[in-house]
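Step one of this worksheet: look at the structure below.
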Amino acid sequence: MESINTLKGYDKVSDQENQIHHHHSPLPKPSSFSRKTLIATVSVVSLLLILTVVALTAGVFTHPPPHHPPISSASLKSVCAVTRYPETCFNSLSSSLNESDSKLNPESILELSLRVAVKNLSNLSISFRSINDMPEDAAVGDCVKLYTDALSQLNDSITEIEKEKKKGGNWLTKEVVGDVKTWISAAMTDGETCSDGIEEMGTIVGSEIKKEMEMANQMMSISLAIVSQMKKLLLIFH
């Protein structure tokens with residue numbers, strides 16, 4: 001009898017376990033509609049991220065660089081108008097401008113013209129040295145010395161201007177203008193002496209060097225005209 005009761009008790013336990021298992025049955029699986037909605041949402045987000053990256057990348061390559069205020073060509077033309085070579089003046093100086101020359105005035109344009117003239121004279125001096133290999137051709141040797149001296153005169157002008165600017169105030173005094181005019185005039189005389197010597201000796205220097213000589217002489221003339229008309233130019237600009 002005891003064994004039968006035990007079995008009956010076991011049956012009750014089994015029934016209770018079955019009830020427990022029924023109460024803790026697995027959660028229902030998500031419907032196919034939920035899965036599709038999730039996949040669609042992820043796809044849209046991924047697409048938006050891709051489009052954002054593409055737009056940002058394209059912007060780097062298609063957007064123009066930061067705009068800098070244009071340098072006043074009217075100011076430069078006004079100054080160049082007082083020279084004998086206004087077109088050469090404007091073309092040479094405008095092509096040599098940089099960001100630090102964004103505010104143009106007669107003083108800064110004078111400095112710019114001297115820097116361009118120095119560059120031209122330096123190139124010309126190198127050109128003459130390159131053909132100075134014939135001792136009997138005295139004209140070329142003379143030109144090497146003359147343009148070296150002319151270069152020194154223009155550098156003296158720039159040094160004087162920079163020294164006076166450091167003092168502050170109205171640096172372009174009558175004395176400074178007089179000194180600069182003297183140095184530029186001396187440099188121009190050196191250039192003319194070289195040209196005369198080559199012509200008298202019948203020396204053939206080549207068309208390229210002749211062009212360099214013409215440009216160097218014009219730039220020195222431009223610098224001299226600007227400094228000579230500085231008082232008039234300052235009145236126009238102020």
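Here the structure is a predicted model, which means the values were calculated and not measured. We count residues from 1, following the sequence as given.
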Report yes or no: do [X] and [Y] belong to one cluster of Ile/Leu/Val/Met/Phe/Trp/Tyr joined by side chain heavy-atom distances under 4.5 Å?
X	Y	value
Ile109	Leu234	yes
Ile131	Met213	yes
Val116	Val180	yes

Side-chain donor/acceptor of [X] to backbone N/O of [Y], under 3.5 Å:
X	Y	answer
Ser228	Ala225	no
Ser108	Asn105	yes
Ser78	Ala74	yes
Thr203	Glu199	no
Ser223	Met220	no
Ser157	Gln153	yes
Asp149	Lys145	no
Thr83	Cys80	yes

Going by heavy atoms in the side chains, are [X] and [Y] under 4.5 Å from each other?
X	Y	value
Lys210	Val205	yes
Asn217	Ser195	yes
Met215	Leu124	no
Ile184	Leu114	yes
Ser185	Leu224	yes
Trp183	Met188	no
Leu104	Val79	no

Measuring from atom [atom1] of [X] to atom [atom2] of [Y], what distance do you get when rounded to the nearest 0.5 angstrom?
X	Y	atom1	atom2	result
Ser122	Glu212	OG	CD	11.0 Å
Leu154	Tyr147	CG	OH	11.0 Å
Ile222	Cys89	CD1	SG	4.5 Å
Lys174	Met230	NZ	CE	16.0 Å
Thr193	Asp142	OG1	CG	9.5 Å
Asp190	Leu151	CG	CG	10.5 Å

Step-by-step salt bridge (charged side-chain N to carboxylate O under 4.0 Å, His left out) determination, Glu214 to Lys211: CA-CA 5 Å; Glu214 183 178 2; Lys211 287 180 183 178; over 6 Å; no
Donor on one side chain, acceptor on other, Asn155 and Ser152, under 3.5 Å: no
Thr148-Arg129 side chain donor-acceptor pair, cut-off 3.5 Å: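 On atom types as modelled, these side chains qualify, holding a pair under 3.5 Å.
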Between [X] and [Y], which heavy-atom pair has the shortest distance, and what is it?
X	Y	result
Ala216	Leu121	CB-CD2, 3.9 Å
Cys194	Phe128	SG-CZ, 3.8 Å
Ser92	Ser95	O-OG, 3.0 Å

Glu160/Lys163 ion pair, N-O < 4.0 Å: yes
Salt-bridge present (Lys165, Glu111; N to O < 4.0 Å): yes
Neighbour count above 12 (heavy atom, 6.0 Å) for Ile236 CD1: yes
